[in-house]
Amino acid sequence: FESDIYDTEYAKASLRAEFIKLYFSMISLNKDIKIYEKNLKNLLRIKEISEKRTLGGISGYDESYLASSNFHLYETVLTKMKQQLIDMKSQIKIILGNYLDSSHDYLADSYLVELNDIEMEIKSDVLKRRPDIRASYNKLVENRFQLKSSKKMLFPSITFNTSVGYSSSSIRELI
């Protein structure tokens, strides 16, 4: 039961951290999308101007081609960013355990999460159960046993025999 409690505490802390990371990433991505939308409007204007210049014979087709390719490249990146935002919203819905209605906006300037409400302490028992920490501890124990074994190999070994009337010369050399 105690190990289940530790696992549950660690899972709760992990979910909180994942939620906060996703939430702030979502806010940052939303701001980036707004910047890209403004840049896309400017690139559209540049594209239209360069097409008029090309049709008027003022400039060559390469200028129009370059402006058009920049516009479409930005448009593709913006579409990808919007899809990433939708994916992040879905992940947050899954973490929260409910499917929120689309009328609720999570990207308002006032944050839904108060950082003071998040438990900043993680109990040492929970940390001891992490696989990487357990592996390090087991490696330390293994190294201690290897050191003991190596120390024992430095000393000579003596073997006593129970047979009667037999004497070994190796004991005389040792003495």
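Note that the coordinates shown come from a computational prediction; the quantities given were computed from them, not determined experimentally.
One distance of note links CG of Leu73 with CD of Glu75; it measures 10.5 Å at 0.5 Å rounding. Interatomic distance, OH of Tyr10 versus CG of Leu15, reported as 11.0 Å (0.5 Å rounding). The distance from atom CD1 of Ile33 to atom CG of Leu40, rounded to the nearest 0.5 Å, is 12.0 Å. The CD1 atom of Ile92 sits 11.5 Å away from atom CG of Asp87, with the distance rounded to the nearest 0.5 Å. A distance of 13.0 Å separates OH in Tyr36 from NZ in Lys82, rounded to the nearest 0.5 Å. With values rounded to the nearest 0.5 angstrom, Asn30 atom CG is found 7.0 Å from Lys89 atom NZ.
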**Prompt:** Does the pair Ile27 and Tyr23 meet the rule for a side-chain contact (heavy atoms from CB on, under 4.5 Å), with working shown?
**Reply:** CA-CA 6 Å; Ile27 290 170; Tyr23 185 71; 3.6 Å; yes
**Message:** Run Arg144 and Lys148 through side-chain contact (heavy atoms from CB on, under 4.5 Å) and show every step you take.
**Reply:** CA-CA 6 Å; Arg144 287 182 61 207; Lys148 272 186 174 179; 5.7 Å; no
**Worked check of side-chain contact (heavy atoms from CB on, under 4.5 Å) between Gln146 and Asn143** = CA-CA 5 Å; Gln146 282 181 348; Asn143 289 341; 3.8 Å; yes
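Residues Met26 and Ile20 share a single hydrophobic cluster, defined by chaining ILVMFWY side chains whose heavy atoms lie under 4.5 Å apart.
Using modelled atom types, no side-chain atom of Ser68 and backbone atom of Ser64 make a donor-acceptor pair closer than 3.5 Å. Side chain of Ser69 to main chain of Tyr65: a donor-acceptor pair is present (N/O by atom type, distance under 3.5 Å, no hydrogens or angles). With hydrogens and angles disregarded, no donor-acceptor distance shorter than 3.5 Å links the side chain of Ser149 to the backbone of Phe145.
You'll find the side chain of Tyr74 stays beyond 4.5 Å of the side chain of Asn70, heavy atoms only.
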Sequence neighbours left out, cut at 3.5 Å: what donor-acceptor pairs do the side chains of residues 43-58 make with other protein atoms?
{"from": "Ser50", "atom 1": "OG", "to": "Ile46", "atom 2": "O", "distance (Å)": "3.2"}
{"from": "Ser50", "atom 1": "OG", "to": "Lys47", "atom 2": "O", "distance (Å)": "2.9"}
{"from": "Arg53", "atom 1": "NE", "to": "Glu63", "atom 2": "OE2", "distance (Å)": "3.4"}
{"from": "Thr54", "atom 1": "OG1", "to": "Ser50", "atom 2": "O", "distance (Å)": "2.8"}
{"from": "Thr54", "atom 1": "OG1", "to": "Gly60", "atom 2": "O", "distance (Å)": "3.4"}

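Shortest non-hydrogen contact noted between Met81 and Leu29 is O-CD2, 3.5 Å. Considering all non-hydrogen atoms of both residues, Leu22 and Gln91 come closest at CD2-OE1, 3.0 Å.
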